[in-house]
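Notes for the one structure printed next.
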2 protein chains.
Amino acid sequence: MTHQRQVLFEVMQKMHGHPSPEEVYEIVRKKVPSISLATVYKNIHLFVDCGIFREVSLHHGTQRIELNARPHHHMVCSECKTISDIDEQALGLMPARKKLPGGFLVERYSVDVIGLCPKCQAKGLVH
Amino acid sequence: MTHQRQVLFEVMQKMHGHPSPEEVYEIVRKKVPSISLATVYKNIHLFVDCGIFREVSLHHGTQRIELNARPHHHMVCSECKTISDIDEQALGLMPARKKLPGGFLVERYSVDVIGLCPKCQAKGLVH
DNA sequence: ATCGCTGCAAAACATTTGCAGTTTG
DNA sequence: CAAACTGCAAATGTTTTGCAGCGAT
């Protein structure tokens with residue numbers, strides 16, 4: 001538990017919204033001017049791995065194109081990040097409101113079911 | 001409508017899953033070896049803008065950290081990509097199946113409500 | 001003393017852009 | 001022919017890595 005990590009954690013606790021590592025860096029810099037962006041990245045990883053914070057999207061690394069035109073949603077494996085499709089019906093939920101608080105106008109819903117795919121469940125048994 | 005665009009479209013139609021631009025490029029290359037990755041990117045943008053294909057995630061550019069610890073989901077503006085939070089209760093849904101087809105083990109659900117934020121609705125009136 | 005952590009700089013990716021030359025309608 | 005499109009190479013932006021030195025236990 002280093003000083004940098006301590007301050008980083010406190011700063012993040014006080015922030016709002018969905019900041020990028022860069023944005024966190026800009027704020028932390030004010031308290032620890034010598035901190036490096038690499039350290040911010042390393043610690044954010046650590047926090048996410050520990051479950052202290054989480055990532056908004058598990059698949060932000062590269063763009064992925066949706067080829068399946070049928071109404072469906074996604075099952076995303078939190079281990080291996082694999083995305084598989086699940087039919088909207090098989091999931092069976094869905095609100096239908098078209099206006100949400102704040103005046104947001106709904107076009108569609110996109111559900112990520114996050115969990116473990118069969119392969120990673122199997123791997124888990126080995127641990 | 002160029003030859004490259006034609007082939008690219010046909011190839012993508014036949015692919016499955018959620019390929020990255022690189023993966024599409026590797027396949028198209030087999031039919032049009034001289035095609036460049038930049039062209040693939042440009043055309044994918046074009047297809048997405050036209051609504052022919054869509055992106056799996058609207059916020060894949062950079063990592064975003066979730067700071068809000070309360071159960072909530074996201075409203076993502078398809079215009080400006082801004083993410084705002086909405087309480088799980090305010091959204092009002094959610095069955096709780098823990099096993100899904102294919103043996104996927106559910107940890108949690110993450111819902112993106114995609115649509116237009118008030119600001120972009122206002123801008124839209126100007127057009 | 002040991003191990004982990006930092007900061008720096010370079011590397012590795014992913015994506016975009018400028019531009020000259022080519023193709024399409 | 002004009003406008004749009006391609007391929008290339010360089011630029012940009014994001015994240016990771018190697019490593020030498022510093023700090024925490």
Side-chain angles (χ1 to χ4, degrees), chain A residues 1-12 15 17-50 52-67 76 78-83, chain B residues 1-12 15 17-67 78-83:
Chain A
M1 179 54 75
T2 62
H3 179 233
Q4 286 88 331
R5 183 168 300 168
Q6 182 80 45
V7 174
L8 192 42
F9 175 74
E10 284 163 12
V11 162
M12 288 176 73
M15 291 181 77
H18 314 86
S20 65
E22 277 275 347
E23 285 163 350
V24 174
Y25 174 59
E26 286 308 321
I27 307 291
V28 178
R29 231 145 132 52
K30 291 175 187 163
K31 307 214 171 188
V32 187
S34 66
I35 202 170
S36 78
L37 183 54
T39 299
V40 172
Y41 269 101
K42 286 168 191 167
N43 278 292
I44 287 178
H45 269 165
L46 205 142
F47 293 153
V48 168
D49 289 348
C50 293
I52 294 174
F53 295 111
R54 74 170 40 141
E55 306 173 89
V56 169
S57 168
L58 258 40
H59 34 76
H60 57 262
T62 64
Q63 188 183 42
R64 294 304 172 121
I65 312 303
E66 183 60 75
L67 300 171
V76 184
S78 55
E79 271 296 303
C80 67
K81 271 56 174 183
T82 298
I83 303 167
Chain B
M1 179 55 73
T2 62
H3 178 234
Q4 285 90 329
R5 182 168 300 168
Q6 181 80 46
V7 175
L8 191 43
F9 175 74
E10 283 163 13
V11 163
M12 289 178 71
M15 290 181 79
H18 314 86
S20 64
E22 277 275 349
E23 286 165 349
V24 173
Y25 173 59
E26 285 311 320
I27 307 291
V28 177
R29 232 146 131 51
K30 291 174 188 162
K31 307 215 170 185
V32 187
S34 66
I35 203 170
S36 78
L37 184 54
T39 299
V40 172
Y41 270 100
K42 285 169 191 167
N43 278 292
I44 287 178
H45 269 165
L46 206 141
F47 292 155
V48 168
D49 290 347
C50 293
I52 295 174
F53 295 111
R54 75 167 44 140
E55 305 173 90
V56 169
S57 167
L58 257 39
H59 36 76
H60 58 260
T62 65
Q63 188 184 38
R64 294 304 174 118
I65 313 301
E66 184 59 75
L67 300 171
S78 55
E79 271 296 304
C80 65
K81 271 55 172 183
T82 298
I83 303 168

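A quick note: this is a predicted structure, and the numbers were derived from the prediction, not measured. Naming convention: chains lettered A, B, ... in sequence-line order (proteins, then strands); numbering from 1 in each chain.
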Fill in: B:Glu22 vs B:Val40, side-chain contact (heavy atoms from CB on, under 4.5 Å): CA-CA, chis, key distance, verdict
CA-CA 8 Å; B:Glu22 277 275 349; B:Val40 172; over 6 Å; no
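- Residue contacts for A:Glu22: at a heavy-atom cut-off of 4.0 Å it reaches no nucleic acid atom on any strand shown.
- Residue-to-nucleotide proximity on DNA chain D shows that, of B:Thr39 and B:Gln63, the 5′-proximal contact is made by B:Thr39.
- The base of C:dG4 lies outside donor-acceptor range of the side chain of A:Lys42, with no N or O pair under 3.5 Å.
- Position along DNA chain D of the nearest nucleotide to B:Arg64 versus B:Val32 favours B:Val32 as the more 5'-ward residue.
- When the side-chain nitrogen and oxygen atoms of B:Tyr41 are compared with OP1 and OP2 of C:dT15, one or more of them lie within a distance under 4.0 Å.
- Under 4.0 angstrom from either OP1 or OP2 of C:dG7 there lies at least one side-chain N or O belonging to A:Ser34.
- Rounded to whole Å, the distance from CG on A:Leu37 to P on D:dT17 is 14 Å.
- Taking both residues in full, the closest heavy atoms of B:Lys81 and B:Leu58 are given as CG-O, 3.6 Å, listed atom of the first, atom of the second, then distance.
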Item to complete: Apply the test side-chain contact (heavy atoms from CB on, under 4.5 Å) to residues A:Val48 and A:Arg54: give CA-CA distance (whole Å), side-chain angles for both, the deciding distance (0.1 Å), then the verdict.
Response: CA-CA 5 Å; A:Val48 168; A:Arg54 74 170 40 141; 5.6 Å; no
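- Residues B:Pro19 and B:Met15 approach most closely at CB-CE, 3.7 Å, considering heavy atoms.
- For A:Glu23 and D:dT15, the CD to P distance is 11 Å, given to the nearest whole Å.
- The side chain of A:Pro21 lies closest to D:dT15, out of D:dT15, C:dT6, C:dG18.
- The side chain of B:Ser36 contributes no N or O atom lying less than 4.0 Å from OP1 or OP2 of D:dT6.
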Discussion item. Please determine whether side-chain contact (heavy atoms from CB on, under 4.5 Å) holds for the pair B:Phe53 and A:Glu66, giving the CA-CA distance in whole Å, both sets of side-chain angles, and the decisive distance to 0.1 Å.
Written reply: CA-CA 6 Å; B:Phe53 295 111; A:Glu66 183 60 75; over 6 Å; no
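- Of the candidates C:dT15, C:dT6, D:dT6, C:dT6 carries the atom nearest the A:Asn43 side chain, counting heavy atoms from C-beta on.
- Of the residues in residues 1-10 of chain A, those with a non-hydrogen atom less than 4.0 angstrom from any atom of DNA chain C are A:Thr2, A:Gln4, A:Arg5.
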Item to complete: Could you please spell out the steps behind the side-chain contact (heavy atoms from CB on, under 4.5 Å) verdict for A:Thr39 and A:Tyr25?
Response: CA-CA 9 Å; A:Thr39 299; A:Tyr25 174 59; over 6 Å; no
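- Residues passing the side-chain contact (heavy atoms from CB on, under 4.5 Å) test with A:Arg64, sequence neighbours excluded: A:Thr62, B:His18, B:Ser20, B:Glu23, B:Val56.
- Taking all atoms of both residues into account, the shortest heavy-atom contact from A:Lys31 to A:Val7 is CB-CG1, 3.9 Å.
- Nearest heavy-atom pair, B:His60 versus A:His59, reported as atom, atom and distance to 0.1 Å: CB-O, 3.9 Å.
- Taking a 4.0 Å limit (strictly below) on heavy-atom distances, residues 45-61 of chain B reaches DNA chain C at B:His45.
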